[in-house]
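Not measured: the values here are computed from a predicted model.
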Amino acid sequence: MNALLSVSDKTGIVEFAQALHALGIKLLSTGGTAKLLADKGLPVTEVAEVTQFPEMLDGRVKTLHPKVHGGLLARRELPEHMAALKEHGIDTIDLLVVNLYPFEATVAKAGCTLADAIENIDIGGPAMVRSAAKNWQDVGVITSADQYEAVLAELKAGGKLSDKLRFALSVAAFNRIAQYDGAISDYLSSVTFEEEKLSETYVPTRAQFPGQSNGIFTKVQDLRYGENSHQQAALYRDLHPAPGSLVTGVQLQGKELSYNNIADADAAWECVKSFEAAACVIVKHANPCGVAVGLDALSAYSKAFQTDPTSAFGGIIAFNRVVDGQAAAQVSKQFVEVLMAPDFTAEALEIFKAKANVRLLKIALPAHGGATDWERGRNAMDAKRIGSGLLLQTADNHELSLIDLKVVTQKQPTLEEMEDLLFAWKVAKYVKSNAIVFCKGGMTMGVGAGQMSRLDSARIASIKAGHANLSLQGTVVASDAFFPFRDGLDVVVDAGATCVIQPGGSMRDNEVIDAANERGVAMVFSGVRHFRH
């Protein structure tokens, strides 16, 4: 048996080659890999010896040769293929170990030049991988160090690879080539070509949206069904998921997550991790129905639950603090579909054992203040599927601070109201449009979501508060987009609001500001809106 090893990432390659040699497998190699193996005392044959043709063009050409691809592509069960190999003095290659030039890592570096990007486009590696993967019935192709263990286990047990493993390796190889080519396409189709600037040190300007989108996602699991029971569904994740994102979570107990569980859990997790103070978010049908901050998980939950106990039934709950026994005891009194937190104490886990169907997810929180959206656990882009198309946009990662607020009324908000305005604005970002959110004391008091009329959302928020026996007197209100008329403002003020935050930007802003002054309430403009459709 012959194995050809040619790797850019040399993690574990020496140990793997030593194990192959111990099994009597002949080692072929190229360039730096061959030198490394020889330096470790392994008997290795350079590919140049086999092809009788030297590596050339700075290593760009070394494996693009019939004696390599013939050895990979020949079908062992076809006499004419084997006769052709014999005629031309070509040996079969039974095992290929290749990982590719680090194109993705190269272009991810700040200041990457076009020349560096181009030089890190592998040619010979993908060609060999495709040849071996196509001939999977005869050749095992390894494209990642994490496959070494499984390959060695079968070789040691039976002296050859099973059809099942060779096929799985082939699929993984074609997936890797697709990922690699997609990354190259994404990069190059985002480059703004400026001929007058071309040089070895030229760092190209890159468009935010490439000429072709090649999003790569890997399947995590099949789901029982989709949004409805007659639909099928599966969960996929980014090839490199952001730290602290939902798909990085570990399920500790409970039934399998459903499509709707996952969609709602994402809404809850994205909202709760936006708070630095201890927070709890309760979501129902993709909308927060209760959000609060507190001293700890228990106090935050107690406040969040008060907003809408009816809707909280069967909801999705997210914490940004460890759930301890006290919080677990309180939450376990309700029917909960999914519960997420950075961690759970042993006491909390023991309490939830009695609620075997509750799905517990442990998700590490990303660091606040990370340098990039990815480091903060956020998507850089959002996508929405439409008929035969895709809408892509930068994610709504805008953060508001006190200094951004513009008071437009005669009445000035108090410092306490300003803090509540920022809290309400943060919640409104995660409520489906049209969104109206009443808040006070770091908790939601009434939420109106997803109505065709902003006026109706305001009325529904007031009704919800009434159902929960919450007084809206002295509350602040966040509106995710501007009030087009004064009627919406009048509804929230009639309900008891004394302060309002809205984006501004309507042609009738002055009319709404005059109405606020007339009603004796404060109003601030955020300058941005948070539509969420």
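Summarising the geometry, atom OG belonging to Ser274 is positioned 5.0 Å from atom NZ belonging to Lys426; distances are rounded to the nearest 0.5 Å.
Defined by atom type and a distance below 3.5 Å, a donor-acceptor pair is missing between the side-chain atoms of Thr394 and Gln208. The closest side-chain donor-acceptor pair between Asp9 and Asn99, if any, does not fall under 3.5 angstrom. The closest side-chain donor-acceptor pair between Ser311 and Lys464 falls under 3.5 angstrom.
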*Would you please test Gln251 and Leu257 for side-chain contact (heavy atoms from CB on, under 4.5 Å) and show each step?*
CA-CA 9 Å; Gln251 186 169 348; Leu257 289 163; 3.8 Å; yes

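For residues 499-514, the set of pairs meeting the side-chain hydrogen bond (donor to acceptor under 3.5 Å, both in side chains) definition, not counting sequence neighbours, is empty.
The aromatic rings of Tyr301 and Phe319 sit tilted relative to each other, their planes meeting at an angle between 30° and 60°. Taking the six-membered ring where tryptophan is involved, the planes of Phe423 and Phe275 are tilted, since the angle between them lies from 30° to 60°. Between Trp425 and His530, the angle of the ring planes lies from 30° to 60°, which puts this pair in the tilted group.
Here Lys362 pairs with Asp343 under the salt bridge (Lys or Arg N to Asp or Glu O under 4.0 Å) rule; sequence neighbours left out. When the salt bridge (Lys or Arg N to Asp or Glu O under 4.0 Å) test is applied to Lys333, no partner is found at least two apart in sequence or on another chain.
Checked for salt-bridge contact, Arg454 and Asp480 meet the test: a charged N lies under 4.0 Å from a carboxylate O. Under a 4.0 Å N-O distance rule, the pair Arg321/Asp324 does not qualify as a salt bridge. Salt-bridge check for Arg378 with Glu399: passed, with a basic side-chain N closer than 4.0 Å to an acidic carboxylate O. By the 4.0 Å N-to-carboxylate-O rule, Lys440 lies too far from Asp420 to be salt-bridged with it. Here Glu104 pairs with Arg176 in a salt bridge; the nearest charged N to carboxylate O distance falls below 4.0 Å.
Residues Leu339 and Phe344 meet the side-chain proximity criterion, which asks for heavy atoms closer than 4.5 Å. Contact check for Pro243 versus Trp374: side-chain heavy atoms found under the 4.5 Å cut-off.
Under the side chain to side chain donor-acceptor pair (under 3.5 Å) rule, Thr444 has a single partner from Thr307, Thr475, Asp308, which is Thr307.
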